[in-house]
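A short worksheet on the structure shown next.
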Amino acid sequence: MSTVIDLFLHLDKHLDAMVTTLGPWSYVLLFAVIFIETGSVIFPFLPGDSLLFAAGAVAALPNNALNPIALIILFWVAAITGDTLNYFIGKKIGLPLVHHPVFGRFISDKNLEDANRFFEKHGAMAIIFARFLPIIRTLSPFTASLSGYPYKRFITLDMIAATLWVFIGVLAGYFFGGIPFIQQHFSLVIFGILFVTALPAIIAGIRSYFTNKKTAN
């Protein structure tokens, strides 16, 4: 567990070492992580926003195999194809996957309810907003398919969301990741990214708590 935490908090250093070892093959691994995070339904805890930022920061290092433009294209394709797979998993399998004795352990009913509530509240814009929210990002295509949301409309909005997400994440890392303060306090930056992306969900949870409490009284 400590190894996983260290890998997550010092993602830039581990990613740089990986790129040095694998060279251009690093693109395959980066694609796989984002594709699985968005497409597998059961792995919402894989790094998403932080990986984009770290990859952009590593791409800014001299004599590095990563190219920011190639990363943007790679992550965009991974996000779109992953969400498409996720959508059709929900369409073909749906709730039986959630209640499966093995796979169901990775998808809590609460996570699915939160994603469904978020989708109902924001409608079409939920697909764009969800791209920037961990866990909900992974469950959004699944939830959209369960609700009968048309794929053509879903994928159109998803392309817009993925474009914003990838450009912001990679370019932020590329232009700001080389700043000495950020390099020295990268773990704090990761926590900051997590906090900012989770903030809307936290606020929604607090509002829901006080609303329910008020209703109960």
Side-chain angles (χ1 to χ4, degrees), residues 4 8 11 27-55 71-170 193-194 197-198 200-201 204-205:
V4 175
F8 186 77
L11 191 56
Y27 287 115
V28 177
L29 184 58
L30 292 173
F31 179 94
V33 172
I34 296 301
F35 178 80
I36 293 172
E37 191 246 359
T38 57
S40 67
V41 185
I42 62 173
F43 290 114
F45 48 80
L46 288 176
D49 311 280
S50 55
L51 182 61
L52 266 62
F53 185 88
L71 285 175
I72 288 173
I73 296 172
L74 179 93
F75 286 141
W76 189 86
V77 174
I80 296 300
T81 54
D83 280 347
T84 296
L85 173 63
N86 194 324
Y87 180 94
F88 283 104
I89 287 176
K91 194 174 184 65
K92 298 296 183 181
I93 304 176
L95 290 178
L97 179 66
V98 178
H99 300 126
H100 190 277
V102 177
F103 297 116
R105 296 178 182 178
F106 299 93
I107 314 171
S108 70
D109 287 332
K110 183 181 182 304
N111 289 153
L112 193 59
E113 287 173 8
D114 289 343
N116 190 54
R117 193 180 305 114
F118 184 82
F119 191 83
E120 289 177 350
K121 179 179 179 180
H122 297 286
M125 291 304 294
I127 296 171
I128 295 177
F129 293 152
R131 171 51 61 180
F132 296 87
L133 300 174
I135 299 179
I136 290 180
R137 169 171 59 242
T138 304
L139 296 176
S140 175
F142 190 80
T143 306
S145 64
L146 287 178
S147 68
Y149 201 82
Y151 175 72
K152 287 185 179 180
R153 192 180 305 169
F154 166 80
I155 200 62
T156 299
L157 293 168
D158 193 51
M159 287 180 177
I160 296 173
T163 300
L164 294 172
W165 185 62
V166 169
F167 267 91
I168 292 172
V170 173
I193 292 173
L194 289 175
T197 53

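Because the structure is a prediction, the values reported are computed rather than measured.
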Taken to the nearest 0.5 Å, the spacing of Ile155 CD1 from Ile80 CD1 works out to 5.0 Å
Regarding Tyr151 and Thr84, do their side chains bring together a donor and an acceptor under 3.5 Å, going by distance alone?
yes
**Message:** With heavy-atom distances below 4.5 Å as the criterion, would you say the side chains of Arg137 and Asp49 are in contact?
**Reply:** yes
Separation between CZ (Phe31) and OG1 (Thr81), nearest 0.5 Å, reads 4.0 Å
side-chain contact (heavy atoms from CB on, under 4.5 Å) test vs Pro141 passes for just one of Asp83, Ile89, Thr38, namely Asp83
Q: Would you indicate whether the side-chain heavy atoms of Tyr87 and Asp158 approach each other to under 4.5 Å?
A: no
In this structure, CD1 of Ile168 is separated from CD1 of Ile72 (nearest 0.5 Å) by 11.0 Å
Note: Ala161 and Arg131 closest approach over all heavy atoms is O-CG, 3.5 Å
So CH2 of Trp76 and CG of Leu164: to nearest 0.5 Å the spacing works out to 12.0 Å
Output for pair (Leu157 CG, Phe129 CZ), nearest 0.5 Å, gives 11.0 Å
Rounding to 0.5 Å, atoms CZ (Phe154) and CE (Met159) come to a distance of 10.5 Å
Any side-chain heavy-atom pair from Ile34 and Leu52 closer than 4.5 angstrom? yes
Can you tell me if Thr138 uses its side chain to pair, donor with acceptor, with the backbone of Glu37 under 3.5 Å?
-> yes
